[in-house]
Protein chains: 2
Amino acid sequence: MTWQNASEGKDAVATIRVESRDRTLPAFRAVARVLERRILAGELPVGESLPSELSLADHFGVSRSTVREAIRVLEQRGLIRREKGRNRLRITAPQAKEISAQMKTAFLLQETTFEQLWEVLSAIEPACAATAALKATEPDLKLIEDNIRRSEAAIDDVSALVELDIEFHNLLAAATGNNALQMSRETVGELFYPAFAKVMARLNAGERLLLAHRKIYEAISSGNEREARLWMDRHIGDFQRGCDLANLDFRSPISGAMPVANHG
Amino acid sequence: MTWQNASEGKDAVATIRVESRDRTLPAFRAVARVLERRILAGELPVGESLPSELSLADHFGVSRSTVREAIRVLEQRGLIRREKGRNRLRITAPQAKEISAQMKTAFLLQETTFEQLWEVLSAIEPACAATAALKATEPDLKLIEDNIRRSEAAIDDVSALVELDIEFHNLLAAATGNNALQMSRETVGELFYPAFAKVMARLNAGERLLLAHRKIYEAISSGNEREARLWMDRHIGDFQRGCDLANLDFRSPISGAMPVANHG
DNA sequence: TCTCCATAATTGTCAGACAAAAAGTTGACC
DNA sequence: GGTCAACTTTTTGTCTGACAATTATGGAGA
């Protein structure tokens, strides 16, 4: 399929025309849909760069503005990305980050509570730990070890410790080698863990957190699935208890000082 | 903040100008960002309708094309939606459906395997069942009961049964009253369960599936958290065993005959 | 008050324009 | 031959103005 010389690209034009003239679908959506299909089908392989707006417009028989709107759609879907400094659009697979950003706004606007996020994490994190115990490689272990070492050093710096806690759990997820697992938990974790800065600050619970991390690391590095799950269960449970002890409302929405999502 | 009479909306204009003239950010992104902030901050409340493109353009001091591109961004983020038949754009909270659509493409392009999805489900679904046992209301139970009844009627229709299976698990998730839980599992389920049409077809496992659904329903309706979790564990485990028995490769990517994602 | 129609507003699309940034080309120079 | 700077062409981001088709709105008439 040639993008450069538009003269013979009649098929696609026809497709767009048919769909858009049915008025069921605006032209920019039709274009976006066709492009998405081609990307998903591998006709436009990930890593390649998209043709220029003008050639796309020619090819589809629509105006450049229409193509641009279609591009915005695909971009937001994570199928296309423009790298800074680069001019061309690159075709990409949607990344956890973008999905995560979208889920964040969803959670914020839907008044999701800490309890709800906790329910998700208390299901996923132990499974992560267990899987990590089975699948973690040497480099994974090294990263986790390093994280624990840095946590030890930052034991009195609450905000640093929170960052490191998030990182710890992300590293576990990465060690499972399971993308789906990672994507499912990333957002929830990012929204959840910062909230417990308060808990830890009030309870001085850094040592307890570190103990759990150490135990989990040991279990994973020795391939002990059961032990990894067990300690993660406790670790997550600690959060709930800590919340109670610190007298924080577990059932309040997470709307507080949340960082504003950014547009890639 | 007045949208209609643009003459005095200088502040926003200035904001956009500063940001875009810095060249760090195209104008349409700046507009999208400002609108997103206002929505998240509740200044533009969910349910309200967005001003017309022209008044937005006036307000921000940009052209209509620019506003349109910004709108495409917000639309794809799920913060704005146009209802069919309606002309105006309504402000909305992102729904599970849209996030789910995005995750689907991510999973497809990243060659996610059945095993990986299964790992996620085997963590989340039992938790769903357990929580549902604690929180399900009468209407929730009615819906699940009805689903089971229809499944009984469709016991010989594999494709219908798959649809009903997906629905069953979605109903459980809904019964937890936990949005986060629902969003976390919806996509995974939608991608995963259809794959087992084959398994069920080969093994004639409809009865076994139905038994599990019935047991889970009973546990939930009697508030038995432990039993609900237990049967869901078995139910999910069945999938894995079924896969083995049917000699399907658990570790192959889910790229096969997947429905093409559609643009809302 | 309710219904129906003319009028106004809004959306989807297009064509053409222009400055600024990136990419591609050329040619001088080492 | 290889390198770098100047020049040209593309491409992007933005704007203006236009038009048909659809949707909203205000009144006239029942």
Side-chain angles (χ1 to χ4, degrees), chain A residues 3-6 12-34 48-76 80-91 263-264, chain B residues 2-6 12-13 15-34 48-76 80-91 263-264:
Chain A
W3 301 94
Q4 288 70 26
N5 290 348
V13 179
T15 307
I16 298 296
R17 285 309 177 194
V18 165
E19 287 180 318
S20 74
R21 291 307 185 243
D22 278 351
R23 280 169 214 84
T24 62
L25 205 58
F28 73 87
R29 275 185 216 287
V31 171
R33 177 186 280 193
V34 171
E48 292 287 292
S49 60
L50 208 65
S52 75
E53 293 170 1
L54 215 53
S55 37
L56 286 174
D58 272 2
H59 177 79
F60 286 114
V62 298
S63 78
R64 192 157 81 91
S65 338
T66 301
V67 168
R68 289 198 114 235
E69 290 192 41
I71 286 177
R72 293 290 90 78
V73 171
L74 295 178
E75 213 173 40
Q76 213 53 36
I80 274 175
R81 165 172 311 158
R82 66 168 13 82
E83 286 144 39
K84 61 170 185 179
R86 283 263 167 282
N87 217 355
R88 292 198 211 115
L89 288 161
R90 285 265 293 275
I91 295 161
H263 290 282
Chain B
T2 149
W3 301 94
Q4 287 70 24
N5 289 350
V13 178
T15 307
I16 300 295
R17 284 311 174 191
V18 166
E19 287 180 319
S20 73
R21 289 309 185 239
D22 278 351
R23 281 169 212 83
T24 62
L25 207 57
F28 73 87
R29 274 185 217 287
V31 170
R33 178 185 280 194
V34 171
E48 292 287 291
S49 59
L50 208 65
S52 76
E53 293 170 0
L54 216 53
S55 35
L56 287 173
D58 272 2
H59 178 79
F60 285 114
V62 299
S63 76
R64 194 157 79 93
S65 341
T66 301
V67 168
R68 289 198 115 238
E69 291 191 40
I71 286 177
R72 294 290 91 76
V73 171
L74 295 179
E75 213 173 41
Q76 213 54 36
I80 273 175
R81 167 172 308 157
R82 67 168 16 76
E83 288 145 36
K84 64 171 184 179
R86 283 261 166 286
N87 216 355
R88 294 198 208 115
L89 288 161
R90 287 265 292 274
I91 294 161
H263 290 282

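Naming convention: chains lettered A, B, ... in sequence-line order (proteins, then strands); numbering from 1 in each chain.
Among D/dT14, D/dC15, D/dG13, the nucleotide with an atom closest to any side-chain atom of B/V62 is D/dC15. With C/dG12, C/dT10, D/dT14 as the candidates, the nucleotide lying closest to the side chain of B/N87 is C/dT10. The side chain of A/S52 sits closest to D/dT11 out of D/dT11, C/dT11, C/dC14. With C/dT13, D/dT12, D/dT23 as the choices, the nucleotide that has an atom nearest any side-chain atom of A/P26 turns out to be C/dT13.
How far OG of B/S63 is from CG of B/L54: 10.5 Å, rounded to the nearest 0.5 Å.
Taking the charged nitrogens against the carboxylate oxygens, B/R82 and B/E75 do have a contact shorter than 4.0 Å, which makes a salt bridge.
Between A/R82 atom CZ and C/dA23 atom P the separation is 11 Å, expressed in whole Å. Between A/R86 atom CZ and D/dT10 atom C1' the separation is 15 Å, expressed in whole Å.
For the salt bridge (charged side-chain N to carboxylate O under 4.0 Å, His left out) test, no residue two or more places apart in sequence or in another chain qualifies with A/R86. Partners of A/E48 by salt bridge (charged side-chain N to carboxylate O under 4.0 Å, His left out), not counting sequence neighbours: none found.
Contact annotation for A/R64: base contact, defined as any heavy-atom pair under 4.0 Å involving a base atom. Residue contacts for B/T66: at a heavy-atom cut-off of 4.0 Å it reaches the sugar-phosphate backbone alone, with no base atom in range. Contact annotation for A/S65: base contact, defined as any heavy-atom pair under 4.0 Å involving a base atom.
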For nucleotides 24-26 of chain C, list the nitrogen or oxygen atoms of the protein found under 3.5 Å from its nitrogen or oxygen atoms, one pair per line.
unit_1	atom_1	unit_2	atom_2	d
C/dG24	OP1	A/R88	NH2	3.2

